[in-house]
Protein chains: 2
Amino acid sequence: MQSTLSELEQEVIDVFVRMAGVLNLQRSVGELYGLLFISPEPLCINDCMNKLNISKGSTSQGLKILRSFGAVKPVYIPGDRRDFFEAESALRKIVTGFVNEQVRPHLENGKERMARLESLAAASSDEQEFFLERIKRLRSWQKHANLLLPFALNFIKSD
Amino acid sequence: MQSTLSELEQEVIDVFVRMAGVLNLQRSVGELYGLLFISPEPLCINDCMNKLNISKGSTSQGLKILRSFGAVKPVYIPGDRRDFFEAESALRKIVTGFVNEQVRPHLENGKERMARLESLAAASSDEQEFFLERIKRLRSWQKHANLLLPFALNFIKSD
DNA sequence: CAAATCGTTCAAAAAATAATGAACAAACCG
DNA sequence: CGGTTTGTTCATTATTTTTTGAACGATTTG
């Protein structure tokens, strides 16, 4: 049942494993996306685990993550009750999904947090001026980030 | 020798620890930057390790990383032989340094890699057309990334 | 120059993260 | 129904990453 990867598959998967590293995703997620990206046919969980030689749990979990931000989409295959998947190849969709699902939640500091920081700074007796300047700067950074994200998404025109 | 963090310091450090998580930097690096960011005075290694209650090794290593991409700069204090540091607060400098030092090296695939992929795809007998299309797409993504990065850096106008 | 201070390095330990696979539930099949 | 097949979950295991702190070299000080 143990399949083997072509050289092309290996190389492509390697590219996505590196990307996964940069994006804070686990290796197996990169492997899965790479495999599907270079696969002419949709694959089911069993295909994936055999090809990549990873466990069923990792495969199921990895595909779940990829689905969560739309990097992978389910494909219905008539007369087969297994779930098949193929790679989403529209960069824009993937990046949008990734930012919304994986990045934004981690930055959910938002207003309350900043307000709290500001009041703490204002409450300090010494160095109050310096502290307030810093919090202001933090606010400015936050604004920059909030502006840049949609802007960057828009930058990706074609798919 | 064990110092304690004010509530303001704690909160600010927490913000940067979260950021560190998103950016794939270790917790202690986030702590160090946060501490320096909210410190009105430059701090030396000993100040940092005492305030944050982390080891000398972590402190030295963490400051090294922060220096490597210009998030922290050395400050000369006359008559003191210890090394003092303060946080760089120009967002643009930090982001530029971070991208150049921490992100780009990991994406150093570049031309040779793509050429290799293309020749592998071209060498395949079956599905050659599909494979070539995918490699082309990968190339297009790479191009997008290479365009976006400088563009994003430029987006950060003020400091 | 001996003692003290400072910062770095790196092997070992600790902690955090990811992968495994058995147990399970759901859907199908005869 | 009872037996398969399929996919998910989650406690345990394995791996990777991070931290620690002792050892060290370099510099300063008395």
Side-chain angles (χ1 to χ4, degrees), chain A residues 1-2 13-14 16-36 42-68 72-86 102 105-106, chain B residues 1-2 13-14 16-36 42-68 72-86 102 105-106:
Chain A
M1 202 47 105
Q2 156 74 301
I13 289 168
D14 182 68
F16 287 103
V17 165
R18 286 164 196 256
M19 281 197 197
V22 173
L23 299 175
N24 251 340
L25 294 168
Q26 48 259 51
R27 148 177 281 266
S28 63
V29 170
E31 290 176 312
L32 284 163
Y33 185 81
L35 176 63
L36 289 170
L43 301 178
C44 69
I45 288 199
N46 251 281
D47 297 334
C48 292
M49 55 180 289
N50 291 330
K51 281 243 184 195
L52 296 174
N53 203 25
I54 60 179
S55 72
K56 193 151 62 125
S58 286
T59 309
S60 173
Q61 183 57 23
L63 288 170
K64 185 180 181 180
I65 290 171
L66 286 167
R67 266 177 290 151
S68 81
V72 140
K73 31 185 195 183
V75 176
Y76 172 63
I77 294 198
D80 198 320
R81 90 176 152 102
R82 292 170 295 178
D83 299 342
F84 285 80
F85 299 95
E86 66 180 19
Q102 309 279 312
H106 286 287
Chain B
M1 202 47 105
Q2 157 74 300
I13 288 168
D14 182 68
F16 287 103
V17 165
R18 285 165 197 257
M19 280 197 196
V22 172
L23 299 177
N24 251 338
L25 293 168
Q26 47 260 52
R27 149 178 280 266
S28 62
V29 170
E31 291 177 311
L32 284 163
Y33 186 81
L35 175 64
L36 289 170
L43 302 178
C44 68
I45 289 199
N46 251 281
D47 297 335
C48 292
M49 55 180 290
N50 290 330
K51 280 243 181 192
L52 296 173
N53 203 26
I54 60 181
S55 71
K56 192 153 60 125
S58 285
T59 309
S60 171
Q61 183 56 23
L63 287 171
K64 185 180 180 180
I65 290 171
L66 287 167
R67 266 176 289 150
S68 80
V72 140
K73 32 184 195 184
V75 176
Y76 172 64
I77 294 197
D80 198 320
R81 91 173 152 107
R82 291 171 294 178
D83 300 342
F84 284 81
F85 298 95
E86 67 182 17
Q102 309 280 312
H106 286 289

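Letters A, B, ... mirror the listed sequences (proteins, then strands); counts begin at 1.
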Could you state the atom-to-atom distance from CG of N46(A) to C1' of dT6(D) in whole Å? 8 Å
Using a 6.0 Å cut-off, check whether atom CZ of R67(B) has over 12 heavy atoms from anything other than its own residue. yes
Side chain of Q26(B) only, please: which of dA19(C), dT20(C), dT19(D) is the nearest? dT19(D)
When you measure from the side-chain N and O atoms of K64(A) to the phosphate of dG7(D), is any distance below 4.0 Å, counting only OP1 and OP2? no
In whole angstroms, how far is the P atom of dT18(D) from the CG atom of L23(B)? 13 Å
Ignoring backbone atoms, test whether S28(B) places a side-chain nitrogen or oxygen under 4.0 Å from the OP1 or OP2 oxygen of dT19(D). yes
Think R67(B) has a side-chain N or O under 4.0 angstrom from the OP1 or OP2 of dG7(C)? no
Do the non-hydrogen side-chain atoms of L23(B) and Q102(B) ever get within less than 4.5 Å of each other? no
Pairwise 5' ranking along DNA chain D for K56(B) and R27(B), keeping only the more 5' one: R27(B)
R82(B) side chain N/O closer than 4.0 Å to the phosphate oxygens (OP1, OP2) of dC6(C)? yes
Phosphate contact (dT20(D) OP1 or OP2) by S58(B) side-chain N/O below 4.0 Å: yes
Atom-pair distance (CD1 on I65(B); C1' on dT8(C)), nearest Å: 13 Å
In whole angstroms, how far is the P atom of dA18(C) from the CG atom of L66(A)? 14 Å
Out of dT20(C), dT8(D), dT8(C), whichever nucleotide has its closest atom nearest the side chain of S55(A): dT20(C)
Please examine the side chains of L52(B) and S28(B), heavy atoms only from C-beta on, and report whether any two atoms are closer than 4.5 Å. no
